[in-house]
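Presented below is the structure to which this report refers.
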There are 2 protein chains.
Amino acid sequence: MTRIDIPEGSPFGLANLPYGVFSTPGTAPRVGVRVADSVVDLAATLGDDVFARPSLNAFMAQGRARWEEVRSRVTELVSGDVPDDAVHPVGEATLHLPVEIADYVDFYASEHHASNLGRLFRPNAEPLMPNWKHLPVGYHGRSGTVVVSGTDIVRPSGQRKAPDEDAPTFGECRRLDIEAELGFLVGTGSELGSPVSCDEFADRVFGAVLVNDWSARDIQAWEYVPLGPFLGKSFATSISPWVVPILALEAARVPTPVQDPEPLPYLRESEPWGLDIDLSVVWNGQEVTRPPYREMYWSPAQMLAHLTVNGASSRTGDLYASGTISGPAKEQRGAFIELTWGGKEPVEVAGEQRTFLQDGDEVVISATAPGADGGRIGFGEVAGRILPAKG
Amino acid sequence: MTRIDIPEGSPFGLANLPYGVFSTPGTAPRVGVRVADSVVDLAATLGDDVFARPSLNAFMAQGRARWEEVRSRVTELVSGDVPDDAVHPVGEATLHLPVEIADYVDFYASEHHASNLGRLFRPNAEPLMPNWKHLPVGYHGRSGTVVVSGTDIVRPSGQRKAPDEDAPTFGECRRLDIEAELGFLVGTGSELGSPVSCDEFADRVFGAVLVNDWSARDIQAWEYVPLGPFLGKSFATSISPWVVPILALEAARVPTPVQDPEPLPYLRESEPWGLDIDLSVVWNGQEVTRPPYREMYWSPAQMLAHLTVNGASSRTGDLYASGTISGPAKEQRGAFIELTWGGKEPVEVAGEQRTFLQDGDEVVISATAPGADGGRIGFGEVAGRILPAKG
């Protein structure tokens with residue numbers, strides 16, 4: 001038997017207990033829980049078939065009462081002696097995409113990001129569209145290209161046209177960017193024709209992950225009118241392998257910024273679901289920005305209520321992301337197009353002047369939040385390296 | 001044993017043989033083929049487990065050589081005596097969603113439709129955006145709300161704001177519309193980082209269905225800037241239950257309209273994949289429009305090449321639709337917002353002056369195409385009735 005050592009201040013202590021899907025050499029992917037620097041095999045310890053599967057979906061579909069019960073059992077389990085063969089050093093485990101993604105929706109919930117992008121994409125117009133403060137603007141993305149952290153990102157090719165060019169040309173993306181976001185995973189879905197209220201958020205949403213919504217800005221700028229982003233986003237979206245339970249985020253809850261005008265009734269929360277999460281974006285080893293999630297205008301509960309208010313159903317495995325997280329300060333902007341103001345104001349990255357991503361670059365996004373024990377819980381990281389475009 | 005009678009001129013003769021998923025009382029959904037007015041149970045006759053499943057996905061994933069082989073075997077089977085218990089009158093079968101939808105993409109490939117919508121939504125600007133003739137504009141829709149023909153459509157509610165109103169209000173959609181489209185189902189997917197060429201279309205795409213992309217125009221008009229349609233479309237998308245094999249559409253192939261400017265090389269086809277398909281839209285029993293698919297500017301082969309040119313993977317079960325099919329004439333427009341010019345020019349429907357859909361209305365879209373035997377093959381229909389909004 002093994003007693004897991006949890007160092008003081010570990011971001012993966014008992015206040016966190018995120019779930020993931022892992023494998024070890026010669027074994028099939030299955031559900032585990034991260035504790036300090038270990039992965040605890042739930043298929044081997046809890047004796048329930050839902051943990052022997054290659055995704056969290058079956059467990060997520062069981063609902064909040066079951067999520068609470070398993071969290072209690074896991075807390076008890078990892079506080080005592082655990083069978084040796086159920087504990088693996090996290091460095092020896094392969095981490096897989098934790099969830100089979102159903103639909104993927106990306107919101108646009110940061111006022112600072114939406115204003116900055118508005119100024120950059122539509123310089124002669126009001127930065128925020130008239131609808132922006134009335135509803136969380138969002139759109140559907142490609143669920144089939146959601147990949148787990150560590151997956152290499154091949155530079156996409158496509159059509160792009162600079163404003164001073166007469167016609168588009170085909171070639172590799174010249175303005176490859178990141179978007180630092182938080183993503184929410186639906187556990188218990190809802191039926192067609194049955195909107196979900198803001199207050200159902202914590203009963204339906206299982207947990208949160210970090211998201212890097214890789215963006216080809218030149219492809220996007222040419223294609224996106226009038227039906228929105230398509231190939232500029234659909235080549236890859238990376239998520240972190242550890243799903244932090246919503247149950248672990250209670251201590252991180254804060255009010256959203258003041259919403260003025262007051263939202264329509266279906267978007268009003270009785271309890272706030274703003275989240276006090278600090279992100280960090282590291283580019284080639286150097287931290288370049290620290291986006292603050294607490295600045296997000298719309299809460300994830302409001303996003304889910306909006307997403308379903310027309311009667312759209314939701315499913316176990318639905319992923320919806322916040323959109324780029326940007327705070328008011330320059331060093332809080334969650335996309336390089338904002339940080340470098342459209343490429344016009346390079347930043348220093350490991351001694352070089354840089355704007356967009358170059359081949360070989362690596363970006364690592366991490367985050368922490370207050371935990372129930374007074375310490376901080378961690379989201380781990382979502383990392384990706386840029387490979388050259390395919391000839 | 002039963003010999004299936006195929007009347008002269010049946011749209012479901014040997015030149016068609018579309019696949020679907022059906023059940024009969026007390027039996028599980030499984031794969032069948034439509035012949036005249038019968039459904040032939042392939043699970044019971046071909047002795048292959050892929051047909052005993054509740055979707056076509058497993059069969060679709062087997063690839064074109066297998067699709068050809070099964071089509072030959074089915075042709076032979078239904079030309080002779082079939083076991084009695086493997087033949088069911090189509091009227092006694094329940095037809096299910098034939099495919100488990102992976103990602104759903106909706107294109108915007110009719111020049112007439114895009115021009116009409118441009119004039120209606122942006123009256124002070126050029127009707128076509130500068131990108132429109134360079135690439136097939138598209139966006140991702142919600143795959144979880146794709147439903148089979150016959151599913152009732154509950155009128156959605158949401159935010160809408162008329163141009164003369166100061167602020168949005170919440171309420172039921174007042175401008176509920178249809179979009180008559182053709183949808184294509186990917187059989188054999190492609191890997192991340194590997195674009196699909198136009199010439200791979202018929203190896204990768206298994207078949208086609210009719211699509212009604214229900215649209216809430218008032219919700220859409222308020223929400224869609226800058227990231228595209230979201231709740232105005234995501235409440236329901238209906239598809240026909242019979243998947244017409246691409247193998248059955250060879251006789252329907254025609255060149256697309258002249259594409260000027262010439263598309264970039266990745267969008268050039270060596271063989272044309274325009275399709276000579278005639279649609280019919282029946283509103284409360286009266287045909288109101290006959291959209292001609294042959295007028296579509298972009299072909300489905302070009303759509304798939306564009307969808308993957310950035311390296312996005314595709315999966316078995318991906319559905320991509322053409323966008324509304326509209327011809328140059330008024331009575332060829334595939335959406336009521338065009339047919340009634342934004343509601344300003346009502347049409348007579350069964351003796352009433354009508355603009356958008358009212359509760360209780362039923363819309364039935366059907367289509368036929370030339371078949372290999374010189375007759376016409378049928379797509380069957382996609383039908384839906386509007387139920388009142390939920391209080």
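Sequence lines set the chain letters: A, B, ... in the order given, protein chains first and strands last, and positions in each chain run from 1. Worth saying up front: this structure is predicted, and the values here are computed from it rather than measured.
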(request) Taking heavy atoms only and a threshold strictly under 4.5 Å, list by residue number the residues of residues 104-116 of chain A that touch chain B; give 'none' if the list is empty. (result) V105(A), F107(A), Y108(A)
Is [X] close to chain A through its backbone or its side chain, or both, or neither, when contacts mean heavy atoms under 4.5 Å?
X	value
L307(B)	both
L264(B)	side chain
L267(B)	side chain
S314(B)	both
V154(B)	neither
P130(B)	both

(request) Side chain from CB out, backbone as N, CA, C, O: work out which of these in R155(A) comes under 4.5 Å of a heavy atom of chain B, or both, or neither. (result) neither
(request) Under 4.5 Å, counting heavy-atom pairs only, tell me which of I101(B), V309(B), L117(B) racks up the most with chain A. (result) V309(B)
(message) side chain to side chain contact (heavy atoms under 4.5 Å, CB included) for V137(B) and F230(A)? Distances and angles first, verdict last.
(response) CA-CA 8 Å; V137(B) 169; F230(A) 183 36; over 6 Å; no
(message) Under the rule for ring-ring contact (aromatic ring centres under 6.0 Å, His included), what residues qualify as partners of F356(B), not counting sequence neighbours?
(response) none
(message) Restricting to non-hydrogen atoms, name the atom on S234(B) and the atom on A312(A) that form the minimum distance, rounded to 0.1 Å.
(response) O-CB, 3.6 Å
Starting at [atom1] of [X], measure out to [atom2] of [Y] and round the result to the nearest 0.5 Å.
X	Y	atom1	atom2	answer
S194(A)	K390(B)	OG	NZ	4.5 Å
E223(A)	Y139(B)	CD	OH	14.0 Å
F170(A)	H134(B)	CZ	NE2	15.5 Å
T151(A)	L192(B)	OG1	CG	8.0 Å
T145(A)	H140(B)	OG1	NE2	6.5 Å

(message) Could you go through R142(B) and D318(A), starting from their C-alpha distance and side-chain angles, then the distance that decides it, and tell me whether this counts as side chain to side chain contact (heavy atoms under 4.5 Å, CB included)?
(response) CA-CA 11 Å; R142(B) 190 162 186 82; D318(A) 278 351; 2.9 Å; yes
(request) Answer yes or no: is there a side-chain heavy-atom contact under 4.5 Å between P168(B) and N131(A)? (result) no
(request) State, yes or no, whether a side-chain contact exists between P263(B) and Q159(A) at a heavy-atom distance under 4.5 Å. (result) no
